[in-house]
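Each chain gets a letter, A, B and so on, in the order the sequences are listed, and its residues count up from 1.
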Number of protein chains: 2
Amino acid sequence: MDFHLNFQVNQKVYLRDPEGSEIGRKIVKSAIDLIHQLGFEHFTFRKLAVEISTTEATIYRYFENKHRLLLYILNWYWSYMEFLVMYGIVNIKDSREKLETVVELLTHELPESSGQMDYNKRFLNQIVISESSKVYLVKEVEEINKDAVFKPYKDLCTRIADIISEHNPQYLYPRSLSTTLIETSHHQQFFSSHLPKLTDVGERGAKDFTGSFLKNLLFKAIE
Amino acid sequence: MDFHLNFQVNQKVYLRDPEGSEIGRKIVKSAIDLIHQLGFEHFTFRKLAVEISTTEATIYRYFENKHRLLLYILNWYWSYMEFLVMYGIVNIKDSREKLETVVELLTHELPESSGQMDYNKRFLNQIVISESSKVYLVKEVEEINKDAVFKPYKDLCTRIADIISEHNPQYLYPRSLSTTLIETSHHQQFFSSHLPKLTDVGERGAKDFTGSFLKNLLFKAIE
DNA sequence: TATTTTATGATAGTATTGCTATCGTAAATA
DNA sequence: TATTTACGATAGCAATACTATCATAAAATA
């Protein structure tokens, strides 16, 4: 049996659905490669256009600007992560075990899905770690938020918060703890790799270390 | 008695010391106002030059680019915060009380220092919340780090980590918990103000809420 | 006091970025 | 077959991110 994973990204994020055409899919796929390679600040539509042998004009027909393209990529990631969380905890009865699974998912490489969505998962993971906060840490955040473009992030937050509340209905900060897990998984991984003195990573790998730290933090907070 | 608070920012951050001239001080002061007003992405040296009636060339003689100027502002903030932490816990014996003081400092407005450094503290606080991660979340982070320009952040991290270890010498992640407190104080305040559904803020103010959440998180983690 | 250094302003210029507009053509659709 | 549409090609423009040069005023030094 073969099945498709299809995450419908909010229409407000794009001008023309990139999933709907060969070139659209190439834009997103190559954008992931190029943002990973150059960093978001040095990434431009012109460079992307050269990379995939098309023109800036074509890319602008799909996305208003590079911020929206990054938002598209992150929406896809957040939706995928929510799916992985739901898929990962199905059949698990113990809420503690569910939360352990969540932390593992947040701190380890994305699985190579068998589907046709052949984004480079390692690059995507790096982008989430290094660039994701740039989509909301902008002056226009509230204006942007009106289009519900952060819904996938909020949904993921809610999903994890629900498991936290299931484990401890008395805990007062399930949503904040949920976003703290997500954001902390990013910056602890980033610091572990690039500014290790800001962490206690030692000789361990960034992902394992971050996983241990987060589990400790999480369970102490709610148990 | 009157005394000067003077934080010597690492020389690698600037080309010419802005503290050493009238126009240099005006550059930093107005940069804080303008970055707060426009957001870092929309902030440019040209706009700053117009604002203080000078030329781009003059500003470029002080700072290589706007990233370095932001780094200067944050170095000043981190040094000031380290001072406030040291000053705030002096004479306190109880390590728990010390940590409570730290969280208060991290989540509340900076005091208007009596000194001559008349940066707008409210704006500075907002900049730290919204823009600080942009100085390290860049592709060139390791190259930049070689100039020790993150030392004030690391010093602040160490200072808080030391108090954590004082309170609980067995705790395994004092530095990571320290950076998590700092970073979480930023994004929980940001989310509380702009994307409140990602938090449990309710009717409370962003700062009080974040303070409560962080204290709960911190003491559960180490006690 | 004379002289040199230094800081700034004025002006110019260049490459890149971010974005819009127009037009022709090929492919898909009606 | 007619018509819509998607894309490529090309042009262009305002803003950004710088760099360079030169004159002058002020400050430091001889």
query = At their closest point, which heavy atom of B/Gly88 faces which heavy atom of B/Thr101, and how far apart are they?
reply = O-CG2, 3.9 Å
query = Taking all non-hydrogen atoms of both residues, which atom of B/Ser30 and which atom of B/Leu48 are closest, and how far apart?
reply =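 B/Ser30 and B/Leu48 have their closest heavy atoms at CB-CD1, 3.7 Å.
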Within 45 degrees of the axis of the six-membered ring of [Y] and under 6.0 Å from its centre: does [X] put its NZ or CZ there?
{"X": "A/Arg204", "Y": "A/Phe209", "answer": "no"}
{"X": "A/Lys66", "Y": "A/Phe40", "answer": "yes"}
{"X": "A/Arg68", "Y": "A/Phe63", "answer": "no"}

How many whole angstroms separate atom [atom1] of [X] from atom [atom2] of [N]?
{"X": "B/Asn65", "N": "D/dA17", "atom1": "CG", "atom2": "P", "result": "9 Å"}
{"X": "B/Leu15", "N": "D/dT19", "atom1": "CG", "atom2": "C1'", "result": "13 Å"}
{"X": "B/Leu48", "N": "D/dT16", "atom1": "CG", "atom2": "P", "result": "13 Å"}
{"X": "B/Phe45", "N": "D/dA15", "atom1": "CZ", "atom2": "C1'", "result": "16 Å"}
{"X": "B/Lys47", "N": "D/dA17", "atom1": "NZ", "atom2": "C1'", "result": "13 Å"}
{"X": "B/Phe40", "N": "D/dT16", "atom1": "CZ", "atom2": "P", "result": "13 Å"}

ask   = Is a salt bridge present between B/Lys151 and B/Asp155, judged by a nitrogen-to-oxygen distance below 4.0 Å?
value =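 Result for this pair is yes, salt bridge flagged.
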ask   = When you look at CD of B/Glu109, are more than 12 heavy atoms from neighbouring residues, nucleotides or ligands closer to it than 6.0 Å?
value = yes
request  = Going by the ring-ring contact (aromatic ring centres under 6.0 Å, His included) test, name the single residue among A/His194, A/His187, A/His186 that passes it with A/Phe190.
outcome  =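 Per the ring-ring contact (aromatic ring centres under 6.0 Å, His included) rule, the option paired with A/Phe190 is A/His194, out of A/His194, A/His187, A/His186.
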message = Students should find this one: the first and last nucleotides of DNA chain C, 5' to 3', lying under 4.0 Å from a heavy atom of chain B. What are they?
response =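 Footprint of chain B along DNA chain C, 5' to 3': C/dA7 to C/dG9.
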Can you give me the N/O atom pairs linking the protein to nucleotides 6-13 of chain D at distances under 3.5 Å, or say none if there are none?
from	atom 1	to	atom 2	distance (Å)
D/dA6	OP2	A/Arg16	NH1	2.5
D/dC7	OP1	A/Tyr62	OH	2.8
D/dC7	OP2	A/Arg16	NE	3.3
D/dC7	OP2	A/Tyr62	OH	3.0
D/dG8	OP2	A/Thr54	OG1	2.3
D/dG8	OP2	A/Thr58	OG1	2.8
D/dG8	N7	A/Arg61	NH1	3.4
D/dG8	O6	A/Arg61	NH2	2.9

